[in-house]
Amino acid sequence: MTAAIPMLLDCDPGHDDAIAIVAAAHHAELLGITTVAGNAPLDRTTYNACVLRDLIGDPKLTVHAGAARPLVAEPRHADEIHGVSGLDGAELPAPDRGADSDDAVGFIIDTCRAREGIWLVAVGPCTNVALALRAAPDLGRRIAGISLMGGGTFGNRTAVAEFNIWADPHAGAVVFAHGGPLIQAPLDLTFQLQATPARIDAVRQTPGRLGTVLADLLTFFSGTYCSRYDAMQGAPVHDPCAVLALTHPGLFQSVRRHVTVETVGHDTAGMTVIDQRQLVERPAANTDVLIKLDADAVWKLITEAIAANA
Ligand code: BDR
Ligand code: CA
């Protein structure tokens with residue numbers, strides 16, 4: 001058996017962040033959770049992470065609150081997708097305890113200095129990761145790399161910008177320019193993993209309370225997507241893709257591309273500019289862009305994780 005991939009999960013729970021937490025807790029060596037303002041304000045994303053820690057029954061897992069606002073942009077949230085709580089749609093028990101610290105950036109730096117070869121997995125706006133990279137110039141050579149959910153060749157907040165990058169484009173630009181291994185799970189990929197009624201049912205069938213809560217959450221999440229898009233069978237379950245592409249790379253296909261983030265464009269701020277040119281003088285690739293996944297096999301990993309964490 002190969003060793004579990006060590007990772008820190010930076011997130012803004014968020015329905016699909018919740019699935020990412022459960023997937024990481026089971027399929028990876030999850031060393032801690034850091035939270036960022038994104039889908040909801042920071043106090044709420046942190047509260048939600050603490051709720052998830054209890055639901056997966058791992059009191060040793062620490063939660064660290066991070067940036068309450070983007071580097072430059074004004075804070076903007078995603079109530080229309082996740083509800084005002086960030087996790088609307090299920091009865092959630094109050095957490096046993098709150099965050100273990102309010103220094104996510106310090107926690108990321110200390111953890112990566114204490115042990116080399118950790119993956120940073122970012123499934124919310126990249127603010128904490130960008131602050132850590134800036135505060136600790138040695139971090140880039142200590143980590144294994146960064147795997148993030150964000151961007152794509154189309155947008156969900158604007159025609160060209162995906163929420164996580166749009167919410168803090170300057171942080172996204174720092175992360176895409178960091179110079180080390182970088183894996184991008186863009187919307188092009190995550191729209192292939194939809195929470196169809198049959199898949200939500202499979203979650204509900206898993207034994208224990210976690211499956212019921214997550215099925216209720218996914219029902220709400222799919223409801224918002226299906227009511228807002230022309231033809232969806234369910235919500236795209238974006239965030240676990242950034243986790244599972246590391247733990248089960250055989251289920252994903254990727255291409256090497258040069259990717260930058262547009263920070264200033266009137267119509268394009270928050271866009272990831274993925275250079276698809278075949279020109280020989282194109283810039284050197286800096287990103288493994290995930291382009292395809294085996295949705296049924298990935299969903300099976302998700303239900304396995306839920307059953308194991310219940
Ligand atoms: C991303 O934005 C959030 O709404 C989701 O949690 C996901 O990380 C998708 O655009
Ligand atoms: Ca998220």
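Counting starts at 1 for both ligands and their atoms, in listed order.
- The closest approach of Asp12 to the Ca ion (ligand 2), by N/O/S atoms, is made by OD1.
- Using a 4.0 Å heavy-atom criterion, the residues that approach ligand 1 are Asp16, Asp17, Asn39, His82, Val123, Met149, Asn156, Glu162, Phe163, Asn164, His238, Asp239.
- Val261 and Ile183 are assigned to two separate hydrophobic clusters, defined by single-linkage of ILVMFWY side chains at heavy-atom distances under 4.5 Å.
- The existence of a salt bridge linking Arg53 and Asp100 is confirmed by a sub-4.0 Å separation between a basic side-chain nitrogen and an acidic carboxylate oxygen.
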Checklist entry - Can you check side chain to side chain contact (heavy atoms under 4.5 Å, CB included) on Phe163 and Arg76, steps first, answer last? => result CA-CA 9 Å; Phe163 176 78; Arg76 293 180 289 195; 5.5 Å; no

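- Rounded to 10°, the angle that OD1 of Asp17 and OD2 of Asp239 form at the Ca ion (ligand 2) is 70°.
- Atom CZ of Arg257 and atom CD of Gln276 lie 5.0 Å apart (nearest 0.5 Å).
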Item to check | Intermediate values then yes/no, salt bridge (Lys or Arg N to Asp or Glu O under 4.0 Å), Arg209 and Glu91 | outcome: CA-CA 11 Å; Arg209 181 171 190 195; Glu91 285 288 328; over 6 Å; no

Next on the checklist: Go through it in stages, so that I can follow the logic: the residues are Asn39 and Asp17, the test is side chain to side chain contact (heavy atoms under 4.5 Å, CB included), and I'd like the CA-CA distance, side-chain angles, deciding distance and then a yes or no.
Outcome noted: CA-CA 10 Å; Asn39 287 325; Asp17 303 75; 3.2 Å; yes

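- Counting heavy atoms from C-beta on, the side chains of Asp239 and Cys11 never come closer than 4.5 Å.
- At a cut-off of 3.0 Å, Asp16 is not counted among the residues with an N, O or S atom near the Ca ion (ligand 2).
- None of the N, O or S atoms belonging to Pro13 lies under 3.0 Å away from the Ca ion (ligand 2).
- Between Thr260 and His258, the side chains place no donor N or O within less than 3.5 Å of an acceptor N or O (distance only, hydrogens not considered).
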